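Below is one structure, written out as structure tokens; the observations come after it.
The structure displayed is predicted, hence computed values, not measured ones.
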Amino acid sequence: MSAAQALKQTPLHDEHVRLGAKMVDFGGWSMPVQYSGIIDEHNAVRSNLGIFDISHMGQFFAEGPGALAWLNGLLTNNVERLAVGECQYTFLLNDGGGVIDDLIVYRIGEENYLLVVNAGKIDEDFAWMKSHLAPGVDFQNRSADFAGLAVQGPRSAQLFDAFFQGKYSRPARNEILRAVIDDETYFIARTGYTGEDGFEVFCVANRAVKSWNDILRKGAEFDIKPCGLGARDTLRLEMCYPLNGSDLLPDTTPIEAGLSIFVDLQKPNFIGKDALTKQRQEGVKRRLVPFKMTETCPPPRSHYAVYKGDKKIAETTSGTLSPTLKVGIGMAYIPTEFARINEQIEIEIRGRRFPATIEKKPLHRAGTASN
């Protein structure tokens, strides 16, 4: 068996190949990195519409009378705040407060929850959560049964209306809709990882190809383009959205990552709370901050040395060339004394140091595109 054959494939693999996508190994999955080109796809999402295959991500279902209390003891955000049809971004932590995974939890019924987790963390997350399972909870990993599509861009609401012709009202931001299409249940959520308006669509795996092609066909009038992981990365980095495994790791905490808003330390208890409470009281020694290169240079990537004067103070966690800003951008955990907006640092790229400035989040705001 060749290495390519050994990679896991989503239900849309053959469609990506048919459309001429460049396929790469992404955490053991054969995934499209680009179709027409990263910059072209990035700009399509910023100006019109793009569609991504997110079928590699995991889908867990928790239900039963004990589900709410159980999830609230595992996740950092307060699940009790969710009404049926709402969702929230949250973290699954280890005992030391480090990030196992960042995920979205959707309340799809009175005692029913859908969790969408990162592809590379499916097995680890499920094992960790299963090891802490409480009575009164039915917990299932149904990742293999589902496909996922992400429709992103400022014209996504127009596409939703054109697609459903008034049969369903658009969910609001951070809401999820249960729709029935051809007797099959779809979950349509209004969340995203690009900074643009958009929808995630989760359906049974054998409906993936039809759904993908139906959306592409209907989206043609809105200039929709299929998009790969390359554009997904540049889009999320412009928004300073963290990537698990790069910006979020088992030895980094949500507080260090500047994501305390998704941590409710007022909850009675959750795994990792004691460590985060202590960190909040004592203060963090480093913070995840975005930076922007200040002169022309090769794009920064992850694990590049960060300098202040002659001292190496950190390594980059993510980096790319921003198609919108037309400069190199990235993120790094910087010692607190230097983690200030407008602080001057240097990034070592290919043996040379280039100047950069620590910036305010997000790096991209509406109207900031370069001409």
Side-chain angles (χ1 to χ4, degrees), residues 76-77 89-91 93-94 96-102 193 195 233-265 272-295 297-322 324-349 352-365 368:
T76 60
N77 216 329
Y89 178 73
T90 189
F91 296 97
L93 303 182
N94 56 35
V99 177
I100 297 173
D101 202 3
D102 63 329
Y193 194 50
D233 193 54
T234 56
L235 288 159
R236 68 95 190 169
L237 245 181
E238 287 184 349
M239 298 305 299
C240 305
Y241 293 155
L243 177 66
N244 193 281
S246 296
D247 312 301
L248 299 172
L249 295 160
D251 63 350
T252 62
T253 74
I255 295 177
E256 291 174 326
L259 298 167
S260 301
I261 191 174
F262 305 108
V263 177
D264 185 356
L265 290 175
K273 180 185 175 182
D274 291 347
L276 296 193
T277 300
K278 183 180 179 185
Q279 194 172 63
R280 170 59 62 79
Q281 291 168 346
E282 296 179 353
V284 295
K285 294 183 171 60
R286 58 180 183 170
R287 295 216 319 268
L288 182 65
V289 296
F291 63 83
K292 188 162 66 175
M293 307 307 297
T294 56
E295 64 179 48
C297 63
R301 304 294 184 196
S302 57
H303 303 299
Y304 284 10
V306 181
Y307 283 86
K308 182 66 182 178
D310 290 330
K311 184 181 178 184
K312 179 183 173 182
I313 58 170
E315 281 191 353
T316 57
T317 56
S318 287
T320 192
L321 175 67
S322 163
T324 306
L325 304 174
K326 310 277 198 296
V327 295
I329 61 172
M331 293 198 288
Y333 282 94
I334 300 290
T336 309
E337 61 265 34
F338 305 120
R340 298 183 293 259
I341 295 169
N342 296 325
E343 187 81 20
Q344 304 297 303
I345 55 174
E346 290 182 312
I347 313 297
E348 187 174 82
I349 304 174
R352 285 183 57 198
R353 293 185 203 168
F354 294 91
T357 305
I358 294 175
E359 299 282 335
K360 184 179 179 181
K361 298 181 191 177
L363 291 167
H364 165 72
R365 293 177 182 82
T368 60

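The two residues Phe354 and Cys297 come nearest to each other via the heavy atoms CD2-CB, 3.4 Å. Shown here for Ala257 and Leu248, the closest heavy-atom pair between the two residues is CB-CD2, 3.8 Å. The two residues Ala275 and Gly96 make their nearest non-hydrogen contact at CB-O, 3.2 Å.
Counting heavy atoms from C-beta on, the side chains of Ile334 and Arg287 never come closer than 4.5 Å. At a threshold of 4.5 Å between non-hydrogen side-chain atoms, the residues Asp264 and Thr76 do not count as touching. The shortest distance between side-chain heavy atoms of Phe338 and Val289 does not fall below 4.5 Å. At least one side-chain heavy atom of Leu276 sits under 4.5 Å from a side-chain heavy atom of Pro254. Side-chain contact check for Thr252 versus Leu288: every heavy-atom pair is 4.5 Å or farther apart. Taking the side chain as every heavy atom from C-beta outward, Ile358 and Arg340 never approach each other to under 4.5 Å. Using a 4.5 Å heavy-atom cutoff, the side chains of Val306 and Tyr333 are not in contact.
Taken to the nearest 0.5 Å, the CD1 atom of Ile100 stands 12.5 Å off from the CZ atom of Phe91. If you take CD on Glu256 and CG on Asp251, they are separated by 8.0 Å, rounding to the nearest 0.5 Å. Atom CG of Leu321 and atom OG1 of Thr234 lie 9.0 Å apart (nearest 0.5 Å). Note that the NZ atom of Lys292 and the CD1 atom of Ile347 stand 14.0 Å from one another [nearest 0.5 Å]. In this structure, CG on Leu325 lies 11.0 Å from OG1 on Thr320, to the nearest 0.5 angstrom. One finds the CG atom of Leu243 at 9.5 Å from the CG atom of Leu249 (value rounded to the nearest 0.5 Å).
Scanning for side chain to side chain donor-acceptor pair (under 3.5 Å) contacts around Thr357 gives Gln344, with sequence neighbours left out. Not counting sequence neighbours, the partners of Glu346 by the side-chain contact (heavy atoms from CB on, under 4.5 Å) test are Tyr307, Arg353. Applying the side chain to side chain donor-acceptor pair (under 3.5 Å) test to Arg280 and every residue at least two apart in sequence or in another chain returns Ser260.
By the 6.0 Å contact criterion, CG on Asp310 is open, its count of non-hydrogen atoms from other residues, nucleotides or ligands being 12 or less.
Among residues at least two apart or in separate chains, side-chain hydrogen bond (donor to acceptor under 3.5 Å, both in side chains) pairs with a member in residues 238-249 are His42-Glu238, Arg46-Glu238, Asp101-Asn244, Arg236-Asp247, Glu238-Ser322, Glu238-Thr324, Asp247-Thr317, Asp247-Ser318. For residues 354-363, no residue pair satisfies the salt bridge (charged side-chain N to carboxylate O under 4.0 Å, His left out) rule, not counting sequence neighbours.
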Could you pull out all donor-acceptor pairs under 3.5 Å where a side-chain atom in residues 298-305 meets a protein atom, sequence neighbours excluded?
{"residue": "His303", "atom": "ND1", "partner": "Glu315", "partner atom": "OE1", "Å": "3.4"}

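Side-chain contact of Asp102 with Tyr89: a donor-acceptor pair under 3.5 Å is present, judged by distance alone.
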